[in-house]
**Student:** 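Take this structure, written in structure tokens, and hold onto it; I'll ask about it next.
Proteins come first, then strands; the chains are lettered A, B, ... in the order of their sequence lines, and each starts at number 1.
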2 protein chains.
Amino acid sequence: MEEKKERILSIAQKIFARFGINKTTMDEIAKMARMGKATLYYYFKSKEDIFAEVIHKESNILKQKLSEAINKVKTPKEKITAYVLTRMKHLKELVNYYSALTDDYLDHYSFVEKERQNFTHYEMDTLKNILFAGNNEGVFQVKDVDVTARMLTIALKGLEYPLIIEDKAVDIETEINLMLDILFKGMEKR
Amino acid sequence: MEEKKERILSIAQKIFARFGINKTTMDEIAKMARMGKATLYYYFKSKEDIFAEVIHKESNILKQKLSEAINKVKTPKEKITAYVLTRMKHLKELVNYYSALTDDYLDHYSFVEKERQNFTHYEMDTLKNILFAGNNEGVFQVKDVDVTARMLTIALKGLEYPLIIEDKAVDIETEINLMLDILFKGMEKR
DNA sequence: ATCTCGACCATAAAACAATAATAGTCGAAA
DNA sequence: TTTCGACTATTATTGTTTTATGGTCGAGAT
């Protein structure tokens, strides 16, 4: 029954978010889901497997939110702005996924690596498409779309840092907008 | 005798670089310096103290290299390029300092935090000065110098990541130059 | 068949004790 | 002023026992 699986996943998601994969026990998940531990193994192969699915779910949520945000606006500039802001906004909410992307101790799980690559791929693809469209519409004049897309992801990576330490003195959204202003001016056709 | 202190520091620097602060013993340092362990305590208060001075020394080396690189060229654009490339090039060489900036397990040492802040301050100051000069010379037209400088540091922070995993497929220097091209275009007066 | 679980096992983690390493001190001496 | 051997108090390591936990199985419920 797919519905039960979902229930387990959403419970596990919360517990993982709070304690991480190591400090979360199968008994805990089972108890919270009001079922025997053995039952979990009827629906999932292992603890890793549950975690992997949680990560995957969160990853898809983020991708969906990003795609939605992009489609809601028209111009390439708006799309990039929407992308960056949406990414910032939702990434920290998806605790498990975020920790999968950043925590070193999760490196050795192959599914984590797979999910990371998958997202990087999506991110690069999406940004490249926007840049291409911008070029075609005559808004941008980006020579090397690949490099520029990579540059954007690098900048996004850098932005995660102030996001974590959440320095209240800095208004991240304003900051991002000013930063994008410069980037846009650099990419604009003239 | 200040010279002896220097000798101890430069020996400790090498050992710390290889084994980190925890796995380095005072006996080791003493033996390498061909002196009794107790003598170390004549020159330094503690092991932390030695490490702090090593960090401080490396931090100063980096600052000096950066200042040199900047002064060697004239235009603001050249200065920024020189800054970024010099930073990339030398940061990974200064092993102890680099690990102080990045390793979480060093967080609780107050001198590490102090050194981090100190460097961030230097970095922001230096970049801001270049941007100001660029504005005054009519090369740049940067509205908010503070935010732009912060943006540059964020981008630099993001660049550290591909630096660590050193993906051979990407030529970092070329990448940086292309990236700076866009940024310059965005900051240029027109 | 599909699903649930108690009882069970093997392994991994925690707790503990005993031992060894190590940071740091001190007084004597060069 | 500088050096260091001998010492101590702490911290880290190692080996051992105990506990916790991931995962299996077969019996029974639906």
**Student:** Answer with yes or no whether the side chains of A:E58 and A:Y98 bring together a donor and an acceptor at under 3.5 Å.
**Tutor:**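 On atom types as modelled, these side chains do not qualify, holding no pair under 3.5 Å.
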**Student:** Are any side-chain N or O atoms of B:Y122 and backbone N or O atoms of B:K63, one a donor and one an acceptor, separated by less than 3.5 Å?
**Tutor:**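 Yes, because the side chain of B:Y122 sits within donor-acceptor range (under 3.5 Å) of the backbone of B:K63.
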**Student:** To the nearest Å, how far apart are A:K47 NZ and C:dA12 P?
**Tutor:**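 In whole Å, C:dA12 P lies 13 Å from A:K47 NZ.
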**Student:** Under the 3.5 angstrom rule, does the side chain of B:K47 hit a backbone N or O of B:I21 as a donor-acceptor pair?
**Tutor:**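 Yes: the side chain of B:K47 pairs with the backbone of B:I21.
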**Student:** Quick one: A:K31 NZ to C:dG6 P, roughly how many Å, whole number?
**Tutor:**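 So the NZ-P distance, A:K31 to C:dG6, works out to 12 Å.
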**Student:** What's the CG-C1' distance between B:L40 and C:dG24, to the nearest Å?
**Tutor:**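 Roughly 11 Å, once rounded to whole Å.
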**Student:** OH of A:Y42 versus C1' of D:dG28: gap in Å, rounded?
**Tutor:**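 For the pair A:Y42 OH and D:dG28 C1', the rounded distance is 15 Å.
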**Student:** Taking the basic N atoms (NZ, or NE/NH1/NH2) and the acidic carboxylate oxygens, is any pair closer than 4.0 Å for A:R116 and A:E113?
**Tutor:**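 Salt bridge present between A:R116 and A:E113.
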**Student:** Does any N or O donor sit under 3.5 Å from an N or O acceptor when you compare the side chain of A:K37 with the base of D:dG22?
**Tutor:**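 A donor-acceptor contact between them is present.
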**Student:** Nearest whole Å is fine: how far is D:dC7 P from B:Y41 OH?
**Tutor:**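 Interatomic distance, OH of B:Y41 to P of D:dC7: 18 Å.
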**Student:** Determine the contact category for B:T25: base if any of its heavy atoms lies under 4.0 Å from a base atom, sugar-phosphate if only primed atoms, P, OP1 or OP2 are that close, otherwise nothing.
**Tutor:**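 Contact class for B:T25: sugar-phosphate only.
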**Student:** Return the value, rounded to whole Å, for the distance between atom CD1 of B:I21 and atom P of C:dT22.
**Tutor:**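 That distance rounds to 15 Å.
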**Student:** Quick check on B:H108: does its NE2 atom have over 12 non-hydrogen neighbours (other residues, nucleotides or ligands) under 6.0 Å away?
**Tutor:**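 Count over threshold, so yes.
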**Student:** In whole Å, what is the span from the OH atom of A:Y43 to the C1' atom of D:dG23?
**Tutor:**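 Those two atoms, OH and C1', are 18 Å apart.
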**Student:** Could you check which of D:dC4, D:dT3, C:dA14 has an atom nearest any side-chain atom of A:K23?
**Tutor:**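 Given the options D:dC4, D:dT3, C:dA14, the side chain of A:K23 is closest to C:dA14.
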**Student:** Please work out if B:F44 contacts a base, only the sugar-phosphate, or nothing of the nucleic acid, heavy-atom cut-off 4.0 Å.
**Tutor:**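 Answer is nothing: B:F44 stays at 4.0 Å or more from every strand.
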**Student:** Is the phosphate of C:dC5, meaning OP1 or OP2, less than 4.0 Å from a side-chain N or O of A:T39?
**Tutor:**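 Yes, because at least one side-chain N or O of A:T39 sits under 4.0 Å from OP1 or OP2 of C:dC5.
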**Student:** For A:A38 and for A:D27, locate the closest nucleotide of DNA chain D by heavy-atom distance; then report the residue assigned to the nucleotide nearer the 5' terminus.
**Tutor:**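 So the residue in question is A:D27.
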**Student:** Between atom CD1 in B:I50 and atom C1' in C:dG24, what is the gap in whole Å?
**Tutor:**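 From B:I50 CD1 to C:dG24 C1': 12 Å.
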